[in-house]
Every structure is written in C-alpha cells, then in structure tokens.
Peer 1: 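Have a look at this one.
Order of the sequence lines fixes the chain letters, A, B, ..., with proteins taken first and strands second; residue numbering starts at 1 for each chain. Nothing here was measured: the structure is a model prediction, and the numbers come from that model.
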Protein chains: 2
Amino acid sequence: MKPRRNTWQREAVRAALVGAHGFVSAQQLHQTLRDSGSTIGLATVYRALASLTEDGEADSIQAPEGENLFMSCGSTGHHHHLICRSCGAARELDATVVEEWASKVGAEHGFAEIEHVIDLFGICAACRAKEA
Amino acid sequence: MKPRRNTWQREAVRAALVGAHGFVSAQQLHQTLRDSGSTIGLATVYRALASLTEDGEADSIQAPEGENLFMSCGSTGHHHHLICRSCGAARELDATVVEEWASKVGAEHGFAEIEHVIDLFGICAACRAKEA
DNA sequence: GGCTAGAATGAGACTCATTCTCATTTAGAA
DNA sequence: TTCTAAATGAGAATGAGTCTCATTCTAGCC
Ligand SMILES: [Zn+2]
Ligand SMILES: [Zn+2]
Ligand SMILES: [Zn+2]
Ligand SMILES: [Zn+2]
C-alpha cells in the first residue's frame with residue numbers, strides 16, 4: 001500500500017462514507033460534505049475515494065446508469081453485493097458457487113487474467129414499504 | 001416491438017455490428033462506418049444501437065471503464081458472456097448455476113425486482129499469442 | 001407514379017461524471 | 001522551525017452519451 005498523508009479531507013470522506021450506510025456516488029458524498037459546512041473540493045473527494053478503494057477500505061461498483069458508487073465495507077476480501085436501486089443499501093453475499101463457476105468457465109475457454117463483475121440490484125423491503 | 005422504419009443507416013449499423021465479431025463501442029462503430037465512406041451521424045449510431053438492443057438483435061454490456069459495448073448476438077434469450085478485454089471477442093456462457101444462485105439470494109434478502117449483472121473479462125488465447 | 005404525415009436523420013449544442021492542470025497549502029520528517 | 005514532496009481546490013478539459021430542431025426520407029394512400 002503506497003504511503004498516504006493524513007489530511008482532514010481524507011478523514012472527512014472516510015467518515016462520510018461510513019455514515020452513508022450503503023453505496024453512494026462521489027457527487028452525493030461531496031454534496032453531503034458541503035452541506036455540513038465542509039469546504040472540501042470535488043476533485044479531492046474523487047481522489048480520496050480512489051485511494052480508499054485502492055487500499056481496500058472502500059468498495060466500488062458501477063451503477064447501471066454508469067455512475068460509480070462507493071461504500072465503506074466491513075470485510076476486506078473479495079466479495080459481491082445485493083444493492084437496493086432506490087436507497088443504496090447493500091448486503092454482502094456469499095458467492096462461493098459463482099466464484100467457482102467463474103474460474104472454471106474462464107479456464108475452459110482459454111482466457112487468462114479473468115476478472116468478473118457480479119452484482120445484484122433490487123428494491124429492498126424498506127423502500128417498498130415506503131412507496132406503498 | 002415498436003415499429004421501425006428501414007433506413008440504410010439502421011442497416012449499416014446492423015451490418016457493421018455483425019462484421020465486428022465481438023463487443024464494440026458506439027464510437028468505434030461510428031468511426032468504422034465513417035472510415036468506410038459512410039456519412040452516418042454519431043447520434044444515429046447511438047439510436048440504432050439502442051433500438052437494436054431493445055429489439056433483442058444486439059446485446060450490450062458495460063465495460064469496466066464505463067463505456068457501453070454492443071454485439072450482434074445469435075441467441076436471443078437472457079445469457080451472459082466471457083469477453084476479451086483486448087479485442088472484444090466474446091463467448092456465450094451457460095450460467096444456469098448462477099441464475100439459480102441469483103434468484104435464490106435475492107429472495108432470501110427480501111429484495112424485489114432483482115436484476116443481475118454478471119460478466120467475465122479476460123484475455124483470449126489469440127490476443128495472448130499476439131502479445132508474446 | 002405522385003402526395004403526405006410522421007418517423008428518422010445529422011450537426012452541433014448540451015449534460016454530466018470524471019480527470020487534469022497548476023498555483024497554493026500542508027503533513028510529516030529532520 | 002524548516003523543508004520538500006504530497007495533497008488540495010478551482011476551474012478547465014475530456015469524453016460518452018443525449019437532446020434539439022430543421023431537414024430528409026419511408027411507407028402507406030391515392
Ligand atoms: Zn432501499
Ligand atoms: Zn467474485
Ligand atoms: Zn482477444
Ligand atoms: Zn443471468
């Protein structure tokens with residue numbers, strides 16, 4: 001892990017990410033921080049999120065609309081999520097079966113350096129209750 | 001399927017997509033078409049790809065970099081791919097196990113309207129040979 | 001074949017997420 | 001405290017994709 005300086009900006013992003021409880025975009029996070037009086041710059045939020053993700057402190061996924069979403073995730077290892085399209089709440093999934101499937105399939109077709117993207121999106125119970 | 005008029009532009013996009021043999025971006029496709037003398041507009045390429053995808057004549061995926069990629073795909077039903085990061089070549093996958101896993105997991109967590117994104121990326125044998 | 005309504009097109013303006021530039025600030029070691 | 005490279009922030013730049021709207025063209029009708 002490359003060296004990082006501890007700036008209040010980096011810490012603020014980390015805190016905001018933890019406070020978000022679910023996947024959020026860089027823009028949302030920046031807005032939240034500004035709304036709470038911070039003067040942090042948008043570019044800095046992007047930089048902090050990139051480094052946090054690099055260091056394994058945050059997970060990132062691509063929303064179906066193309067935006068990148070980030071989340072402060074407890075477990076550090078490789079894993080997958082079930083995400084609420086409406087509020088961003090996420091559940092970690094035990095994906096042992098698909099991990100095995102993915103590596104088997106990759107090998108079978110003679111492809112190297114296999115990576116996989118596996119995400120489930122839906123509407124959580126809470127959001128459904130709200131809408132009804 | 002909503003009605004579509006047959007224009008040479010739509011046909012050109014369809015043909016270029018078939019000729020591409022793998023996943024390509026709208027921009028690439030547009031460039032290819034222009035290079036071969038066509039005067040087709042970029043917006044039209046986007047519109048044609050969107051309608052072809054809607055009609056099930058093309059598949060689309062999100063590249064890890066965020067760009068949307070399209071491919072003329074034989075089978076019409078729901079399925080997944082193993083894609084070469086380098087040349088876009090793709091294999092269709094039998095993903096019965098993961099389909100079952102996905103629907104089970106969604107239900108278990110009380111989420112509704114589950115959709116899943118499952119894509120494998122790697123480097124195909126041909127591209128590895130080329131690089132070496 | 002001509003006529004017409006409405007769909008499709010294309011040039012370019014526009015949006016919006018993300019990255020880059022660069023002058024200024026600051027963390028952290030000495 | 002001093003110094004230096006890393007980090008920051010404002011705004012410019014990038015780039016995929018969408019939108020607008022005047023013009024063109026398809027397809028059905030005579
Ligand atoms: Zn929700
Ligand atoms: Zn995995
Ligand atoms: Zn390849
Ligand atoms: Zn599937």
Side-chain angles (χ1 to χ4, degrees), chain A residues 1-17 20 23-55 57-71 83 85 88 117, chain B residues 1-17 20 23-55 57-71 83 85 88 117:
Chain A
M1 194 194 312
K2 66 188 306 194
R4 309 277 185 210
R5 287 188 177 177
N6 297 318
T7 62
W8 64 263
Q9 289 94 335
R10 192 177 161 72
E11 193 45 51
V13 170
R14 204 192 325 252
L17 198 55
F23 280 93
V24 282
S25 70
Q27 308 267 356
Q28 276 172 55
L29 224 40
H30 180 240
Q31 195 53 59
T32 304
L33 286 162
R34 298 299 282 236
D35 288 350
S36 64
S38 172
T39 61
I40 193 169
L42 177 58
T44 302
V45 174
Y46 274 102
R47 287 187 282 237
L49 287 172
S51 69
L52 288 171
T53 302
E54 207 175 311
D55 297 351
E57 290 193 62
D59 275 4
S60 79
I61 59 170
Q62 273 191 299
E65 305 74 40
E67 213 175 359
N68 272 110
L69 304 181
F70 301 83
M71 160 165 192
I83 304 113
R85 259 193 297 276
V117 178
Chain B
M1 192 195 311
K2 64 189 308 198
R4 310 277 185 211
R5 288 190 175 176
N6 298 317
T7 63
W8 64 263
Q9 290 94 335
R10 193 177 161 73
E11 194 46 50
V13 169
R14 205 195 321 253
L17 198 55
F23 280 92
V24 282
S25 69
Q27 308 267 353
Q28 277 172 55
L29 224 40
H30 179 240
Q31 196 52 59
T32 304
L33 286 162
R34 298 298 282 232
D35 289 349
S36 63
S38 172
T39 61
I40 194 169
L42 178 58
T44 302
V45 174
Y46 274 103
R47 286 187 281 237
L49 287 171
S51 70
L52 287 171
T53 302
E54 208 176 309
D55 296 352
E57 290 192 62
D59 275 6
S60 80
I61 59 171
Q62 270 191 302
E65 304 76 38
E67 214 176 358
N68 272 110
L69 304 181
F70 302 82
M71 159 163 192
I83 303 112
R85 258 193 296 278
V117 177

Peer 1: If you measure from CZ on A:F70 to CG on A:L17, what distance do you get to the nearest 0.5 Å?
Peer 2: 8.5 Å
Peer 1: For C:dT19, does OP1 or OP2 lie under 4.0 Å from any side-chain N or O of A:Y46?
Peer 2: no
Peer 1: I want to confirm an ordering. Mapping B:Q9 and A:E67 to their closest nucleotides on DNA chain C, which one lands closer to the 5' end?
Peer 2: B:Q9
Peer 1: Whole angstroms only, please: what is the CG-C1' distance between B:L42 and D:dT20?
Peer 2: 15 Å
Peer 1: Given A:D55, which of A:R10, A:K2, A:R14 fulfils the salt bridge (Lys or Arg N to Asp or Glu O under 4.0 Å) condition?
Peer 2: A:R10
Peer 1: Using whole Å, report how far NE2 of B:H30 lies from C1' of D:dG17.
Peer 2: 13 Å
Peer 1: Nearest-Å distance, CG (A:L69) to C1' (C:dA17)?
Peer 2: 12 Å
Peer 1: Atom OG1 in B:T53, atom CG in B:D59: separation rounded to 0.5 Å?
Peer 2: 7.5 Å
Peer 1: When all nucleic acid strands are considered with a 4.0 Å heavy-atom cut-off, which category describes A:T39: base, sugar-phosphate, or nothing?
Peer 2: sugar-phosphate
Peer 1: CG of B:L52 versus P of C:dA8: gap in Å, rounded?
Peer 2: 12 Å
Peer 1: For the atom pair CD (B:Q28) and CG (B:L69), what is the distance rounded to the nearest 0.5 Å?
Peer 2: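 Those atoms lie 7.0 Å apart.
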Peer 1: Begin with the C-alpha distance, continue with both residues' side-chain angles, and end with the deciding distance and a verdict on salt bridge (Lys or Arg N to Asp or Glu O under 4.0 Å) for B:R4 and B:E54.
Peer 2: CA-CA 11 Å; B:R4 310 277 185 211; B:E54 208 176 309; 3.5 Å; yes
Peer 1: Going by modelled atom types, is there a donor-acceptor pair between the base of D:dG17 and the side chain of B:R47 at under 3.5 Å?
Peer 2: no
Peer 1: Rounding to a whole Å, what distance do you find between B:L29:CG and D:dA16:C1'?
Peer 2: 15 Å
Peer 1: Below the 4.0 Å mark, does D:dG17 have OP1 or OP2 next to a side-chain nitrogen or oxygen of B:N68?
Peer 2: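 So the side chain of B:N68 is within the cut-off, an N or O lying under 4.0 Å from OP1 or OP2 of D:dG17.
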Peer 1: Please report the distance, rounded to the nearest Å, between CG in B:L49 and P in D:dT18.
Peer 2: 10 Å
Peer 1: Side-chain contact, heavy-atom cut-off 4.5 Å: B:H30 with B:I40?
Peer 2: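 Side chain of B:H30 against side chain of B:I40, heavy atoms only: contact under 4.5 Å found.
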Peer 1: To the closest 0.5 Å, what do you measure between CG (A:L49) and CG (A:L29)?
Peer 2: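 If I round to the nearest 0.5 Å, the distance is 5.5 Å.
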Peer 1: Would you mind telling me which of D:dA16, C:dG10, D:dG9 lies closest to the side-chain atoms of B:I40?
Peer 2: C:dG10
Peer 1: Can you name the atoms? Protein N/O to nucleotides 26-30 of chain D N/O, anything below 3.5 Å, with the distance.
Peer 2:
residue, atom, partner, partner atom, Å
D:dT26, O2, B:R5, NH1, 2.9
D:dT26, O2, B:R5, NH2, 3.4
D:dA27, OP1, B:N6, N, 3.0
D:dA27, OP1, B:N6, ND2, 3.4

Peer 1: Rounded to whole angstrom units, what separation is found between the CD atom of A:E11 and the P atom of C:dT26?
Peer 2: 18 Å
Peer 1: Rounded to whole angstrom units, what separation is found between the CG atom of A:L33 and the P atom of D:dT8?
Peer 2: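 Roughly 13 Å, once rounded to whole Å.
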